[in-house]
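Remember, it's a predicted structure, so these values are computed and weren't measured experimentally. Letters A, B, ... are given to chains in the order of the sequence lines, protein chains preceding strands, and every chain is numbered from 1.
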Number of protein chains: 2
Amino acid sequence: MSDGRARGDSLLFLTDAQLRRGIEAMFFAYRGFTADPDRILDQYEYGRAHHRAIHFINRWPGTTVNNLLAILGVTKQSLNRVLRTLIEDGLVESAIGTRDRRERHLTLTEKGRALEAELSEAQTARMRDAFRRAGPEAVAGFRTVLEEMMDEDLRRLFEGVA
Amino acid sequence: MSDGRARGDSLLFLTDAQLRRGIEAMFFAYRGFTADPDRILDQYEYGRAHHRAIHFINRWPGTTVNNLLAILGVTKQSLNRVLRTLIEDGLVESAIGTRDRRERHLTLTEKGRALEAELSEAQTARMRDAFRRAGPEAVAGFRTVLEEMMDEDLRRLFEGVA
DNA sequence: CAGTTTATGTCAGCACCGTTGACATGAAGC
DNA sequence: GCTTCATGTCAACGGTGCTGACATAAACTG
């Protein structure tokens with residue numbers, strides 16, 4: 001209904017049909033994206049929430065709980081449940097801040113880095129294959145569209161942290 | 001990116017850093033991708049599972065329960081819980097098959113189509129904006145990479161159904 | 001026709017991970 | 001010293017995955 005046929009070919013990529021294909025592509029691709037790490041997490045009796053925490057602690061070692069909350073977009077109660085088990089299991093270390101003693105600075109232990117590496121390897125393997133088959137130009141387009149789809153604040157976060 | 005640089009540069013898009021950026025882009029973009037419909041679903045006391053069912057029933061009216069199970073990749077118990085409420089609430093109609101009376105053919109009612117349209121509108125609005133800002137070439141790349149990231153069987157499903 | 005397989009529905013129970021609300025502690029800041 | 005902030009924790013609930021078991025009706029098969 002809202003396709004721009006009258007305006008010529010240049011907007012054909014914005015037809016409802018194309019947009020629906022985009023939506024379904026996101027849905028199916030995200031399933032693939034999480035499938036490999038999910039299988040590994042099962043073996044350790046962890047879930048996706050643990051993966052996300054581990055990923056971002058690895059990314060920004062020494063980050064605070066509040067930072068992590070903002071990145072993950074969950075409540076502190078949710079995060080804490082996950083964080084507690086990771087600390088108990090010796091994957092994450094929580095250090096009292098020196099400048100501000102209220103803060104807890106989170107880092108991965110050796111054991112935590114090992115699991116991070118295992119998860120990361122599984123996930124990047126699939127992405128590497130996809131990137132290689134798609135080629136650099138497609139990858140650039142992929143990232144451009146994804147960035148445009150993010151919420152404003154998340155995009156700034158994403159770009160700012162490179 | 002299609003400049004004639006030395007071959008050494010051509011694989012820079014496959015570095016670990018680039019792949020990690022790709023992973024995070026997927027994570028943040030998927031959040032944006034689901035945010036708008038999630039807000040609407042909350043108002044109706046439905047969840048993402050309902051959205052997915054509605055989406056694919058709308059996509060393939062008359063599809064059977066078994067088909068839907070394959071597409072959604074969940075157990076029949078999970079799907080049934082969702083489907084039951086949708087039928088009870090008068091959004092979905094379940095019709096006994098004529099050729100094979102064991103099958104149930106699922107279609108959206110008027111009310112179901114209305115919710116589908118509302119959800120779809122919210123989700124395509126964001127994607128349309130993202131597509132428009134990114135441009136047709138980026139969109140092509142986006143879809144290429146996503147297809148490459150899908151599992152084999154899902155890709156066939158995705159391509160087959162256009 | 002009898003036996004098997006298929007499509008579907010349903011009950012019960014469990015796990016994960018999101019939520020809200022309430023409350024506690026210790027540290028920082030005015 | 002009062003307030004605010006960062007964090008942790010308890011309790012309860014909701015949505016949506018899962019497994020396992022069982023039921024029914026229809027189709028298929030020998």
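- Atom pair R99(A):CZ and dG29(C):P shows a separation of 9 Å (rounding to whole Å applied).
- Side-chain contact check for Y46(A) and D89(A): at least one donor-acceptor pair (N or O, by modelled atom type) lies under 3.5 Å.
- Between T75(A) and dG18(C), a side-chain N or O to OP1/OP2 separation shorter than 4.0 Å is absent.
- When the side-chain nitrogen and oxygen atoms of H50(A) are compared with OP1 and OP2 of dC16(C), none of them lie within a distance under 4.0 Å.
- Of the two residues contacting DNA chain C, namely R101(A) and L79(A), the nearest-nucleotide position lying further toward the 5' end is that of L79(A).
- In this pair, F27(B) and F56(A) present their aromatic rings tilted. The plane angle is within the 30 to 60° band.
- With hydrogens and angles ignored, no donor-acceptor pair closer than 3.5 Å exists between the side chain of E45(B) and the base of dG14(D).
- When the C1' atom of dG8(D) is taken as reference, atom CG of L68(A) falls 15 Å away, rounded to whole Å.
- Judged by atom type and distance alone, R102(A) does not reach the base of dT7(D) through any side-chain donor-acceptor pair under 3.5 Å.
- Residue whose closest nucleotide on DNA chain D sits further toward the 5' end, between R84(A) and G47(B): R84(A).
- Rounded to a whole Å, the CG atom of N80(A) is 16 Å from the C1' atom of dT20(C).
- Rounded to whole angstrom, the span from the CD1 atom of I87(B) across to the C1' atom of dG9(C) amounts to 10 Å.
- Proximity of a side-chain donor or acceptor of T109(B) to a complementary backbone N or O of L91(B) within less than 3.5 Å is detected.
- Rounded to whole angstrom, the span from the OH atom of Y44(A) across to the P atom of dC16(C) amounts to 17 Å.
- Closest approach to the R81(A) side chain among dG18(C), dT8(C), dA28(C) is made by dG18(C) (side chain taken as heavy atoms from C-beta onward).
- Across all strands, H51(B) comes closer than 4.0 Å to no nucleic acid atom at all (heavy-atom distances).
- In this structure, R113(B) pairs ionically with E110(B), as a charged nitrogen and a carboxylate oxygen lie closer than 4.0 Å.
- Atom CG in D42(B) sits about 11 Å away from atom C1' in dG14(D), given to the nearest Å.
- Straight-line distance from the CG atom of D38(B) to the P atom of dT16(D): 9 Å, rounded to whole Å.
- Checking dG18(C), dC18(D), dA11(D) against the side-chain heavy atoms of Q77(A) singles out dA11(D) as nearest.
- Using a 4.0 Å cut-off, no side-chain N or O of N66(A) falls inside it from OP1 or OP2 of dC5(D).
- Within 4.0 Å of H105(B), counting heavy atoms only, lies no atom of the nucleic acid at all.
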Stepwise, does the salt bridge (charged side-chain N to carboxylate O under 4.0 Å, His left out) test hold for R132(A) with D129(A)?
CA-CA 5 Å; R132(A) 187 184 293 124; D129(A) 290 348; 3.4 Å; yes

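- Among the nucleotides dT16(D), dT9(D), dA26(D), the one closest to any side-chain atom of R52(B) is dT16(D).
- No donor-acceptor contact under 3.5 Å links the side chain of R48(A) to the base of dG17(D).
- We find that CD of E88(A) is positioned 13 Å from C1' of dT9(D), with the value rounded to whole Å.
- In terms of heavy-atom proximity, L115(A) sits nearest to I40(A) at CD1-CG2, 4.4 Å.
- The side chain of S78(B) contributes no N or O atom lying less than 4.0 Å from OP1 or OP2 of dT16(D).
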